[in-house]
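Nothing here was measured: the structure is a model prediction, and the numbers come from that model. The chains referred to below are lettered A, B, ... by the order of the sequence lines, with proteins before strands, and numbering in each begins at 1.
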Number of protein chains: 2
Amino acid sequence: MSLRYALLGLLSEGPASGYDLLRTFKDSLANVWPATQSQMYTELTKLADAGLIEVSDQGPRGRKEYTLTPAGLDDLRAWLTTTSPKRNVRNEALLRIFFLGVIPRDQARAYLAGMQERSDQAHEELIELEHAVDWTDSNLSRYGRIALEYGERITATNREWARWALEQLPPEEG
Amino acid sequence: MSLRYALLGLLSEGPASGYDLLRTFKDSLANVWPATQSQMYTELTKLADAGLIEVSDQGPRGRKEYTLTPAGLDDLRAWLTTTSPKRNVRNEALLRIFFLGVIPRDQARAYLAGMQERSDQAHEELIELEHAVDWTDSNLSRYGRIALEYGERITATNREWARWALEQLPPEEG
DNA sequence: TCGTTCATGTAAGACGTTACATGATTGT
DNA sequence: ACAATCATGTAACGTCTTACATGAACGA
């Protein structure tokens, strides 16, 4: 159900087409809830059928601009206030850690080094994003900034952990 | 494909039945890759069909003990060394942050307070888990300990971020 | 004997990914 | 003219969740 609310949430800032939402996603919500083009168009159709959004305008090339309905806003608010988020825990990179014992020590270290590198990179990308974004005084901006801070802290923690983990696994003497 | 490798990985430590794996999961891999009973039994059947594991013993009540085959171990090693993990980013709790502007400030603060509380709790649970686990000198233990450290650092970061976020949103005067 | 734990499975439906498909409009 | 971008959609397949279904064996 999360994608549904991600779309309602974006539309709470104003009308937009599927294509618009697709691009907005890319540099905001994609970092917390990735979705494909395919999924988004399908979901928008379902939301319109359910009366939570409606086509408020049509443009060239079949463009359909959607607007959040009062029912949609109610639904979004109910989601935020009456339900609690599911803990998300799936982490493939961390799953692999458990099984590093089945490969040679140097390869296990290489894996951890890769994690460290990816964390570094992810951290830098977020810093760049912070500079690149046009921080307006919209709700999405204000709260998006708070979410971005989260990402920066997490990627920094990832990086430090990876460094620590490498220390726990010194190279074998040979 | 991750569940598949989670099961191969557990079986790399020795033979086990679906039921055994189910319980081992609960206090280890469930924290990084949750799976239901239903999913696990289905996957075990598929792995056996693919020749990556095989039934090595039968017990009472239809119990089937599976053993990793050489092909299964190869597959597990290939996964660890020749493929790279997908970044996992889905985070429903964080997604909600973006939309806190659609509810009153005090409710937004209540949401953040809830996140802080859940982080605290998650952190404490991991500390407890650390004390409760019988840390042997198996591979799974050694690397599991490293994964647990990750969880502890992340939950601590979560907690600190939630505290910071609350400071960014002072109560409205009224 | 009777409740709990052990033990495995199937089915329906939701959600997500990948690939395919089509075509209009704009800018150079 | 032609390339890039705008714009929307469908189909097949894989994964995950929820619920249902069944029954043997163990221990008090």
Side-chain angles (χ1 to χ4, degrees), chain A residues 1-8 10-11 15-26 29-50 52-66 79 83 85-92 95, chain B residues 1-8 10-11 15-27 29-50 53-66 79 83 85-92 95:
Chain A
M1 300 292 285
S2 291
L3 176 58
R4 167 191 187 131
Y5 293 108
L7 294 172
L8 293 179
L10 288 181
L11 287 171
S17 68
Y19 194 80
D20 291 339
L21 294 169
L22 212 51
R23 280 174 313 159
T24 305
F25 238 77
K26 202 175 258 176
L29 304 190
N31 292 298
V32 301
W33 203 271
T36 60
Q37 172 259 25
S38 173
Q39 219 185 335
M40 283 183 49
Y41 281 110
T42 305
E43 192 65 35
L44 285 169
T45 304
K46 280 200 277 179
L47 286 170
D49 287 348
L52 301 178
I53 63 179
E54 61 189 11
V55 177
S56 51
D57 196 13
Q58 313 244 143
R61 282 161 294 200
R63 176 190 170 96
K64 288 190 270 182
E65 196 176 69
Y66 290 102
W79 176 64
T83 69
K86 260 199 314 198
R87 246 227 290 186
N88 82 301
V89 284
R90 281 198 173 84
N91 189 330
E92 189 190 326
L95 171 63
Chain B
M1 302 291 285
S2 292
L3 176 58
R4 167 191 186 130
Y5 293 107
L7 294 173
L8 292 180
L10 288 182
L11 287 172
S17 69
Y19 194 80
D20 291 338
L21 295 169
L22 214 51
R23 281 175 311 160
T24 305
F25 238 76
K26 202 174 258 176
D27 36 64
L29 304 190
N31 292 299
V32 301
W33 203 271
T36 59
Q37 173 260 23
S38 173
Q39 218 185 336
M40 282 181 50
Y41 280 111
T42 305
E43 193 65 35
L44 285 169
T45 304
K46 280 200 277 180
L47 286 170
D49 287 348
I53 63 177
E54 61 188 11
V55 177
S56 51
D57 195 14
Q58 313 244 143
R61 282 161 297 199
R63 175 190 171 96
K64 289 191 267 181
E65 197 177 69
Y66 290 102
W79 177 64
T83 70
K86 260 202 312 199
R87 247 228 288 187
N88 81 301
V89 284
R90 280 199 173 84
N91 188 332
E92 189 191 325
L95 172 63

Can you check the [X] [atom1] to [N] [atom2] distance for me, whole Å?
{"X": "B:Y5", "N": "D:dG14", "atom1": "OH", "atom2": "C1'", "answer": "14 Å"}
{"X": "A:M1", "N": "C:dA14", "atom1": "CE", "atom2": "C1'", "answer": "10 Å"}
{"X": "A:L47", "N": "C:dA14", "atom1": "CG", "atom2": "C1'", "answer": "15 Å"}
{"X": "A:L7", "N": "C:dG16", "atom1": "CG", "atom2": "P", "answer": "11 Å"}
{"X": "A:L22", "N": "D:dT8", "atom1": "CG", "atom2": "P", "answer": "9 Å"}
{"X": "A:F25", "N": "C:dG16", "atom1": "CZ", "atom2": "P", "answer": "10 Å"}
{"X": "B:M40", "N": "C:dT10", "atom1": "CE", "atom2": "C1'", "answer": "17 Å"}
{"X": "A:Y66", "N": "D:dT8", "atom1": "OH", "atom2": "P", "answer": "7 Å"}

Minimum heavy-atom distance between [X] and [Y], given as atom pair plus value:
{"X": "B:A16", "Y": "B:L21", "answer": "CB-CD2, 3.9 Å"}
{"X": "B:P34", "Y": "B:V32", "answer": "CD-C, 4.0 Å"}
{"X": "A:L52", "Y": "A:R4", "answer": "CD1-NH2, 3.0 Å"}
{"X": "B:A30", "Y": "B:K26", "answer": "CB-O, 3.7 Å"}
{"X": "A:S2", "Y": "B:L95", "answer": "O-CD2, 3.7 Å"}

Close side-chain approach of B:V89 to A:N31, heavy-atom, < 4.5 Å: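 A side-chain contact is absent here, since even the closest heavy-atom pair is not under 4.5 Å.
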
Side-chain heavy-atom pair B:T36, B:F25 within 4.5 angstrom cut-off: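 No, side chains not in contact.
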
Among C:dC15, D:dC6, D:dG9, the nucleotide that comes nearest once only the side chain of A:R23 is considered: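 That would be D:dC6.
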
Shortest side-chain distance from A:R63, nucleotide among D:dA7, C:dG9, C:dA7: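 Looking only at side-chain atoms, A:R63 lies closest to D:dA7.
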
Pairs meeting criterion side-chain hydrogen bond (donor to acceptor under 3.5 Å, both in side chains) with involvement of residues 54-65 of chain A, two or more places apart: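 The answer is A:S17-A:R63, A:D20-A:R63, A:S56-A:T67.
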
Pull out every protein N or O sitting under 3.5 Å from an N or O of nucleotides 17-21 of chain D, one pair per line with the distance.
{"residue": "D:dT17", "atom": "OP2", "partner": "A:R90", "partner atom": "NH2", "Å": "3.4"}
{"residue": "D:dT18", "atom": "O4", "partner": "B:S38", "partner atom": "OG", "Å": "2.9"}

A:Y5 side, atom OH; A:E43 side, atom CD - distance, nearest 0.5 Å: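 The CD atom of A:E43 is 10.0 Å from OH of A:Y5, to the nearest 0.5 Å.
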
B:Y19 side, atom OH; B:M40 side, atom CE - distance, nearest 0.5 Å: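 It is 11.5 Å, given to the nearest 0.5 Å.
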
Below 4.0 Å: OP1/OP2 of D:dT8 and any side-chain N or O of A:Y41: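 For D:dT8, OP1 or OP2 has a side-chain N or O of A:Y41 closer than 4.0 Å.
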
Below 4.0 Å: OP1/OP2 of D:dG14 and any side-chain N or O of B:K46: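 It does not, given that no N or O in the side chain of B:K46 lies less than 4.0 Å from OP1 or OP2 of D:dG14.
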
Salt bridge (Lys or Arg N to Asp or Glu O under 4.0 Å) partners of A:K86, counting only residues at least two apart: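 With sequence neighbours excluded, A:K86 shows a salt bridge (Lys or Arg N to Asp or Glu O under 4.0 Å) to no residue whatsoever.
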
Terminal helix-axis angle for the helix from C:dT1-D:dA28 to C:dT28-D:dA1, with five pairs defining each axis and rounding to 10 degrees: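 Here the local axes at opposite ends form an angle of 20°.
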
First encountered from the 5' end of DNA chain C, between A:L3 and B:S17: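 The 5'-side residue here is B:S17.
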
Contacting residues from residues 55-62 of chain A, given that a heavy atom lies under 4.0 angstrom of DNA chain D: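 Those residues are A:P60, A:R61, A:G62.
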
Results of ring pair (Phe, Tyr, Trp, His ring centres under 6.0 Å) for B:Y66 - residues two or more places apart only: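 Applying ring pair (Phe, Tyr, Trp, His ring centres under 6.0 Å) to B:Y66 gives none.
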
